[in-house]
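Inspection log for the structure reproduced underneath, given as structure tokens.
In each ligand, atom 1 is the first atom listed, and ligand 1 is the first ligand listed. Quick note: residue numbers are just sequence positions, from 1.
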Amino acid sequence: MSDAQLIERWQHIQEKIYQSAIRYQRDPNSIKLIAVSKLHSVEAIRALADAGQKSFGENYVQEMTEKAQKLAALDIDWHFIGPLQSNKCQWVAETASTIHSLDRLKLVAPLARYRPQTLPPLAVLLQVNIDCETSKAGTTNFESLCQLAQAVMTQERLSLQGLMAIPAISNDMATQRAAFEKVRLLRNQLAEKLNLNLPELSMGMSSDLDAAIAEGATIVRVGTDIFGQRITPGT
Ligand SMILES: *Cc1c(COP(=O)(O)O)cnc(C)c1O
């Protein structure tokens with residue numbers, strides 16, 4: 001894909017987000033687009049960054065770290081959105097502004113310990129598995145979600161911001177919305193129980209963007225509709 005085509009697709013997604021926001025009476029500026037660049041080239045990222053896209057999402061620690069090093073001259077905001085092994089927390093803590101996929105207690109202490117003092121606290125979203133799909137990461141019950149949230153809250157180097165979810169794939173708008181509504185209600189329940197503000201809902205990808213925005217997404221993660229098909233089918 002040429003840079004011009006890439007930028008056109010990216011602008012089209014921005015327009016789509018804007019239209020959805022208007023349709024559901026939301027402020028378009030309250031929805032942040034993360035361009036999910038996993039398995040796409042540093043050249044493609046550079047082209048979009050030059051065009052004005054600031055936030056990029058990556059699923060694999062090593063890939064994110066290498067890309068961040070190669071693109072260190074650009075002011076890119078890296079979001080880690082993939083499954084994380086506890087022995088790789090250091091790289092996420094040193095490279096990303098935000099982790100969307102914190103899903104177990106074991107990751108909390110190492111992420112906090114490795115977060116450099118020179119950076120602001122690492123923004124944390126807890127991944128929830130609302131469809132209880134065994135194939136997917138994420139906490140499935142409210143009690144473990146509360147425990148995880150409380151563990152993050154005790155860490156000064158981490159800043160709990162909200163929830164992330166990847167619902168089961170569906171082509172039906174009502175089904176998509178029902179899943180995202182569950183995430184929003186869970187966020188509300190958690191915020192109330194722990195008496196804190198949890199502003200962020202990271203939900204919505206290429207195929208369910210509109211439903212996610214209808215249900216209150218503040219961060220959408222779009223890969224395919226911007227960059228095209230990934231060479232290796234991604235997670
Ligand atoms: C790959 C991925 C995306 C982007 O998915 P597309 O369907 O390509 O838009 C978003 N979120 C997560 C967690 C992903 O792994």
Side-chain angles (χ1 to χ4, degrees), residues 1 5-17 20 31-41 44-45 48 53-65 67 76-85 88 92 95-104 107 122-131 133-140 161-173 175-176 179-180 182-183 187 200-235:
M1 191 184 304
Q5 272 174 310
L6 179 64
I7 288 166
E8 199 175 301
R9 290 171 69 111
W10 168 69
Q11 285 168 338
H12 178 74
I13 291 300
Q14 287 177 301
E15 179 62 24
K16 222 173 136 176
I17 292 169
S20 292
I31 302 158
K32 176 175 182 161
L33 170 63
I34 308 290
V36 177
S37 47
K38 64 180 171 208
L39 304 171
H40 291 288
S41 69
I45 297 173
L48 278 193
Q53 173 66 29
K54 194 164 160 56
S55 301
F56 290 84
E58 290 283 342
N59 283 59
Y60 309 102
V61 176
Q62 191 180 342
E63 184 181 346
M64 176 176 72
T65 309
K67 285 172 166 173
I76 289 179
D77 168 36
W78 295 100
H79 288 242
F80 188 75
I81 63 174
L84 181 59
Q85 293 169 303
K88 295 195 175 151
V92 170
T95 310
S97 72
T98 311
I99 175 169
H100 293 229
S101 46
L102 201 151
D103 64 348
R104 57 198 193 283
L107 303 175
L122 180 69
V124 171
L125 306 176
L126 305 178
Q127 184 171 353
V128 294
N129 185 342
I130 39 160
D131 302 305
E133 288 181 285
T134 49
S135 63
K136 277 204 187 117
T139 48
T140 51
Q161 295 292 320
L163 302 183
M164 183 274 246
I166 313 171
I169 292 171
S170 160
N171 292 323
D172 173 52
M173 177 77 172
T175 309
Q176 291 177 353
F180 291 131
K182 272 196 209 169
V183 184
R187 185 274 310 268
E200 306 290 359
L201 286 174
S202 169
M203 54 192 202
M205 327 203 312
S206 295
S207 56
D208 52 17
L209 197 58
D210 190 56
I213 291 172
E215 294 298 337
T218 60
I219 305 178
V220 293
R221 310 175 311 267
V222 181
T224 309
D225 278 357
I226 296 175
F227 293 99
Q229 289 295 328
R230 289 177 283 275
I231 297 147
T232 313
T235 45

Return the CZ to CD1 distance between R221 and I166, rounded to the nearest 0.5 Å.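 Reported to 0.5 Å precision, the distance equals 5.5 Å.
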Got an N/O contact under 3.5 Å between M205 and ligand 1?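 No.
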Check ligand 1 against [X] and write out every atom of the ligand that is under 4.0 Å from a heavy-atom position of the residue.
X	value
V222	9 (O)
N59	14 (C), 15 (O)
R230	1 (C), 8 (O)
I166	13 (C)
T224	6 (P), 7 (O), 8 (O), 9 (O)

Give the single entry among K38, E58, R221 that approaches atom 2 (C) of ligand 1 most closely by any heavy atom.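 It is K38 whose heavy atom sits nearest to atom 2 (C) of ligand 1.
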Are the side chain of [X] and the backbone of [Y] linked by a donor-acceptor contact shorter than 3.5 Å?
X	Y	value
S101	G82	yes
S37	H40	no
T218	L201	yes

Restricting to non-hydrogen atoms, name the atom on R187 and the atom on E200 that form the minimum distance, rounded to 0.1 Å.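 R187 and E200 have their closest heavy atoms at NH1-N, 4.4 Å.
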With a 4.0 Å heavy-atom cut-off (strictly under), which part of D225 contacts ligand 1: side chain, backbone, both or neither?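 Neither; nothing of D225 gets under 4.0 Å from ligand 1.
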Between I81 and ligand 1, find which residue part has any heavy-atom pair under 4.0 Å and reply side chain, backbone, both or neither.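 It is both parts that get close, each with some atom under 4.0 Å.
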Would you check whether H100 reaches within less than 4.0 Å of ligand 1, judged by its heavy atoms?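 Contact check H100 vs ligand 1: negative.
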List for me each residue that meets side-chain contact (heavy atoms from CB on, under 4.5 Å) alongside Q53, sequence neighbours excluded, and say none if there are none.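 For Q53 the side-chain contact (heavy atoms from CB on, under 4.5 Å) partners, ignoring immediate neighbours, are W10, L33, A35, L48, S55, F56.
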What residues, two or more places apart in sequence or in another chain, satisfy side-chain contact (heavy atoms from CB on, under 4.5 Å) together with Q62?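 With neighbours one apart ignored, the set is E66.
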